[in-house]
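Note sheet for the following structure.
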Amino acid sequence: MQSNRLYGYALIVGAVLLLTVGATHPTGAKLFESRESFEHVALVDRFAHSAGIAGLWLTVVGFAGFSRFLGAERPTVAVAFITITIATGAGLVAPAIDGFVVPQLGDRWFVADEATRSTLRLLMQYCVMIASALTRVYFVFASAAILLYSSELWRTQNNRGLARLGAFVALAAIATAVGGPSMVSVHELLALVVGQAIWMIWAGTILLKKLSQRAADTP
């Protein structure tokens, strides 16, 4: 039973890493002013997206444990976990493109001729659009998963406070992701991440507390 505490820690640490992405993600301003400026932004960009990839992996591990805690055999919980894994798939591709492919294209821009630079700019814009679209897919599916988990929390009366927060965060994120501008800005990303991360940290804390209580009650 004590080993299951790792799920709670994974959910909490993963959420903190996702917050790191929103807090450190560069805006791209003055990106091509100089080689030194570009290298600095590219370094920060790689760090932010590496943290995001690690955070996504940890959160899906945490959600596996959260599903076990709520009852993985229950239809709502099973669908919620499937939904969060779909979100994670989209979420992993987005930082890989934005954090590693785009900087490589930008690095080539400095040594290219004018014709090639135009092509590279178009490729970078295309990559950013793909990453932005995948980010929206992540937030919509992750919000749907949180909504499903919250409905199960409400139904089983495990923690109705967390259920209320989950409903609010999920519906707000879905409305923002679907009805917002075509490109996800840094500020929008941070706002969406904060809401979901707070829910995940609370869920991880409850998971640790409940598992500790179960372990203490076990003779």
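Heavy-atom basis, side chains included; hydrogens, waters and symmetry copies ignored.
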Just wondering, more than 12 heavy atoms not from Phe81 lying within 6.0 Å of its CZ?
-> yes
Heavy-atom closest pair (Leu120 atom, Ala112 atom, distance to 0.1 Å) is CD1-CB, 4.0 Å
Value for CD1 (Ile97) from CE (Met124), rounded to nearest 0.5 Å, stands at 14.5 Å
With sequence neighbours excluded, tell me which residues meet side-chain contact (heavy atoms from CB on, under 4.5 Å) with Ile53.
-> Leu92, Pro95, Phe100
Kindly compute the distance separating CG (Leu70) from CG (Leu207), expressed to the nearest 0.5 Å.
-> 8.5 Å
Do the side chains of Val21 and Val44 join up, straight or via other hydrophobic residues, at under 4.5 Å, putting them in one cluster?
-> no
Under a 4.5 Å side-chain heavy-atom rule over Ile, Leu, Val, Met, Phe, Trp and Tyr, are Phe168 and Ile146 clustered together?
-> yes
Ser151 side chain to Leu148 backbone, donor-acceptor under 3.5 Å = yes
Residue pair Leu147 / Ala167: nearest heavy atoms and the distance that separates them = CD1-CA, 3.7 Å
With no hydrogens and no angle check, is any side-chain donor or acceptor of Thr135 less than 3.5 Å from a backbone partner on Ala131?
-> yes
Is there a side-chain contact between Leu122 and Gln125 (heavy atoms, below 4.5 Å)?
-> yes
Cluster question for you: counting only ILVMFWY and a side-chain heavy-atom cut-off of under 4.5 Å, with indirect links fine, are Ile82 and Val77 together?
-> no
Return the set of residues passing side-chain hydrogen bond (donor to acceptor under 3.5 Å, both in side chains) with Tyr9 (not counting sequence neighbours), or none when no residue passes.
-> Arg5
Is there side-chain contact between Thr83 and Ile86, with at least one heavy-atom pair below 4.5 Å?
-> no
Which value, rounded to the nearest 0.5 Å, describes the distance between Ile84 atom CD1 and Thr59 atom OG1?
-> 6.0 Å
Just wondering, do Leu134 and Tyr138 contact through their side chains at under 4.5 Å, heavy atoms?
-> no
Cys127 versus Val102, closest heavy-atom pair with distance | CB-CG2, 3.6 Å
Do the non-hydrogen side-chain atoms of Arg155 and Thr76 ever get within less than 4.5 Å of each other?
-> no
Leu153 to Ala163 - nearest heavy-atom pair and separation = CB-CB, 4.1 Å
Counting only heavy atoms not in Trp202, do more than 12 sit closer than 6.0 Å to its CH2 atom?
-> yes
Would the number of heavy atoms belonging to other residues, nucleotides or ligands and lying under 6.0 Å from CZ of Arg108 be above 12?
-> no
Pairing residues for Arg160 by the salt bridge (Lys or Arg N to Asp or Glu O under 4.0 Å) criterion, not counting sequence neighbours = none
Tell me whether Val137 is reachable from Val79 by hopping between hydrophobic residues (I, L, V, M, F, W, Y) whose side-chain heavy atoms are closer than 4.5 Å.
-> no
Consider only side-chain heavy atoms of I, L, V, M, F, W and Y, link residues closer than 4.5 Å, and tell whether Val128 and Leu123 are in one cluster.
-> yes
Heavy-atom nearest pair, Gly62 first then Ala10, reads N-CB, 4.0 Å
Apply ring-ring contact (aromatic ring centres under 6.0 Å, His included) to Tyr149 and list each qualifying residue two or more places apart in sequence or on a separate chain.
-> Phe63, Phe66
Is any side-chain heavy atom of Tyr7 closer than 4.5 Å to a side-chain heavy atom of Val61?
-> yes
Would you please name every residue forming a side-chain hydrogen bond (donor to acceptor under 3.5 Å, both in side chains) with Asp98, sequence neighbours left out?
-> His25, His49
Closest approach of Ala51 and Thr20, non-hydrogen atoms and distance?
-> CB-CG2, 4.3 Å
With a 3.5 Å cut-off and sequence neighbours excluded, list the donor-acceptor pairs that the side chains of residues 190-201 form with protein atoms.
from   : atom 1 : to     : atom 2 : distance (Å)
Gln196 : NE2    : Ser143 : OG     : 2.9
Trp199 : NE1    : Ser150 : OG     : 3.4
Trp199 : NE1    : Leu162 : O      : 3.1

